[in-house]
Amino acid sequence: MFKMQAGLAIAGSAAAFGFPSHVLADIPGATTLVYHFSYSAKQSITARDSANPVMDYGPPSNDPGGDNAMPGNGISHYAGTLDDKGTMTVQIVGKPQADGGQVVTISEAGENIRRAPTATCVVYGNTNVMCDPNKTVYTEEYTLLRFLGSKFVDPNALDKNKHWEVSQDSPAENVTADYSINGNDNGTMQISEVRKIREAKGGSLTTDVQTKIGYNVAKSLPTMVDEYVTQRHDNGVQGTTTTIYQTTLQLVSDTMAKT
């Protein structure tokens, strides 16, 4: 019953960007990053199990002339939670490609169930992400991946208020994101993100994302991410599903710092 939906990235074929789909580890010359992560998902479902009132419930009536039992309305409520924490390991492979894409590999080692072997992805500065569709890449991994692209912070894209926007449309969904630089301490920026994902042609699935990002400009990588996602699936009279995702990431190891 616990349904996980990302809707936060664009999937692609490994062959499309020239990397094999097998596991890549210990790549010579690659920069290795290790992040500690925590992840939680809380889902609440309101479902109409019956279109008509159901059997009465409640204690028997003490009134000989009446019945105090309450009629059911056919609506049920369900809830579920999922929590984990652990580490993610990223390798940044070579230099950005001609189209600006950066090849990376990512894996996840959760303490409980959030474990994923190495997958190859290409990340872009506009937060687009393409990963090998034959590999498992979790929602929280995409949270990190979309900020790893070269020129995520592009000085040429900033307005006078240190703000920029990203808008992406596909046949499946429309994505808009607003970014603001709220502080800069010797090259470590504090960036806020407000991201909205909507199904194309006005569907019933909406995703709202609010994120705080610590970002090292010189290295073009996030040092901290705190993301809060509200996803709502409206099924009309049949009910609604609301899921709250919370992900935190903290950079704990960086081989680039040793070079």
Side-chain angles (χ1 to χ4, degrees), residues 1-10 33 35-46 77-88 90 106 108 110-114 116 123 125-129 131 137-149 152-153 161-168 172-184 188-199 203-216 221-234 240-252:
M1 179 173 297
F2 202 88
K3 185 177 182 182
M4 306 301 246
Q5 299 178 7
L8 303 177
I10 298 174
L33 310 171
Y35 290 83
H36 178 270
F37 80 89
S38 65
Y39 171 83
S40 71
K42 295 179 173 59
Q43 188 171 82
S44 175
I45 300 174
T46 300
H77 301 275
Y78 309 92
T81 62
L82 175 66
D83 300 280
D84 207 349
K85 61 182 179 179
T87 59
M88 294 181 197
V90 174
I106 189 168
E108 179 172 312
E111 293 182 0
N112 298 313
I113 62 173
R114 306 294 280 189
V123 295
N126 65 355
T127 71
N128 272 356
V129 178
C131 290
V137 181
Y138 284 124
T139 302
E140 60 272 23
E141 292 180 277
Y142 279 120
T143 295
L144 175 58
L145 286 166
R146 75 174 192 268
F147 301 126
L148 288 174
F152 166 62
V153 178
N161 295 318
K162 299 180 181 179
H163 167 271
W164 77 98
E165 298 180 357
V166 173
S167 179
Q168 303 165 9
E173 61 189 20
N174 303 321
V175 181
T176 59
D178 292 317
Y179 299 92
S180 297
I181 299 174
N182 302 316
N184 188 350
T188 300
M189 292 182 173
Q190 301 301 318
I191 301 172
S192 62
E193 175 195 53
V194 177
R195 186 178 182 91
K196 297 180 182 297
I197 304 172
R198 302 291 184 263
E199 284 187 313
S204 61
L205 182 66
T206 62
T207 306
D208 294 290
V209 185
Q210 295 193 23
T211 314
K212 297 177 181 178
I213 308 153
Y215 191 81
N216 187 310
L221 58 87
T223 58
M224 180 279 295
V225 179
D226 187 350
E227 178 188 79
Y228 186 90
V229 179
T230 302
Q231 189 171 76
R232 180 181 174 87
H233 193 182
D234 189 346
T240 60
T241 301
T242 301
T243 309
I244 305 297
Y245 301 93
Q246 290 184 276
T247 302
T248 63
L249 296 155
Q250 182 70 49
L251 181 64
V252 295

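Note that the structure is a prediction, hence the values are computed from the model and not measured.
Applying the salt bridge (charged side-chain N to carboxylate O under 4.0 Å, His left out) rule to K196 yields the partners D208; only residues at least two apart in sequence or on another chain are considered. With sequence neighbours excluded, the residues that form a side-chain contact (heavy atoms from CB on, under 4.5 Å) with Q190 are T188, M224. In this view, S38 and T248 satisfy the side chain to side chain donor-acceptor pair (under 3.5 Å) rule, not counting sequence neighbours. When the side-chain contact (heavy atoms from CB on, under 4.5 Å) test is applied to T211, the partners found at least two apart in sequence or on another chain are R146, F147, E193, V209, I213, V225, E227. Judged as a side-chain contact (heavy atoms from CB on, under 4.5 Å), and not counting sequence neighbours, the contacts of N184 are M189. Here D84 pairs with E111, N112, I113, R114 under the side-chain contact (heavy atoms from CB on, under 4.5 Å) rule; sequence neighbours left out.
Rounding to the nearest 0.5 angstrom, the gap separating the CG atom in L251 from the CE atom in M88 is 12.5 Å. Atom CD1 of I106 and atom OH of Y138 lie 12.5 Å apart (nearest 0.5 Å). Note: F152 CZ to L221 CG = 12.0 Å, rounded to the nearest 0.5 Å. Here the CZ atom belonging to R198 is positioned 12.0 Å from the OG atom belonging to S204, to the nearest 0.5 angstrom. Atom CD1 of residue I45 and atom OG1 of residue T241 lie 4.5 Å apart, to the nearest 0.5 angstrom.
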Pair L33, L148 - check side chain to side chain contact (heavy atoms under 4.5 Å, CB included), show working. CA-CA 11 Å; L33 310 171; L148 288 174; 4.3 Å; yes

Evaluate the side chain to side chain contact (heavy atoms under 4.5 Å, CB included) criterion for residues V137 and L145: first the C-alpha distance (whole Å), next the side-chain angles of each, then the deciding distance (0.1 Å), finally the verdict. CA-CA 10 Å; V137 181; L145 286 166; 4.0 Å; yes

Take R195 and T127 through the test side chain to side chain contact (heavy atoms under 4.5 Å, CB included) and record every step on the way to the result. CA-CA 11 Å; R195 186 178 182 91; T127 71; 3.4 Å; yes

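Of the possible polar contacts, none joining the Q168 side chain to the V175 backbone as a donor-acceptor pair under 3.5 Å is found. Here the side chain of T223 pairs a donor or acceptor atom with the backbone of G214 at under 3.5 angstrom.
Of all the heavy atoms in Y179 and V166, the pair that sits closest is CE1-CG2, 3.9 Å. For N182 against I191, the heavy-atom pair with the smallest separation is ND2-C, 4.3 Å. Between P222 and L144, the closest heavy-atom pair is CG-CD1, 3.8 Å. Between H233 and L205, the shortest heavy-atom distance links the atoms CB-CD1, 4.0 Å. Closest of all the heavy-atom pairs between A41 and Y245 is CB-CD2, 3.8 Å. Scanning both residues, E140 and L249, for their nearest heavy atoms gives O-CD1, 4.5 Å.
With hydrogens and angles left out, the side-chain atoms of T46 and H77 include a donor and acceptor closer than 3.5 Å.
Results of the side-chain hydrogen bond (donor to acceptor under 3.5 Å, both in side chains) test with T243 over R232, K42, Q231, Q43 single out Q43 as the only residue that passes.
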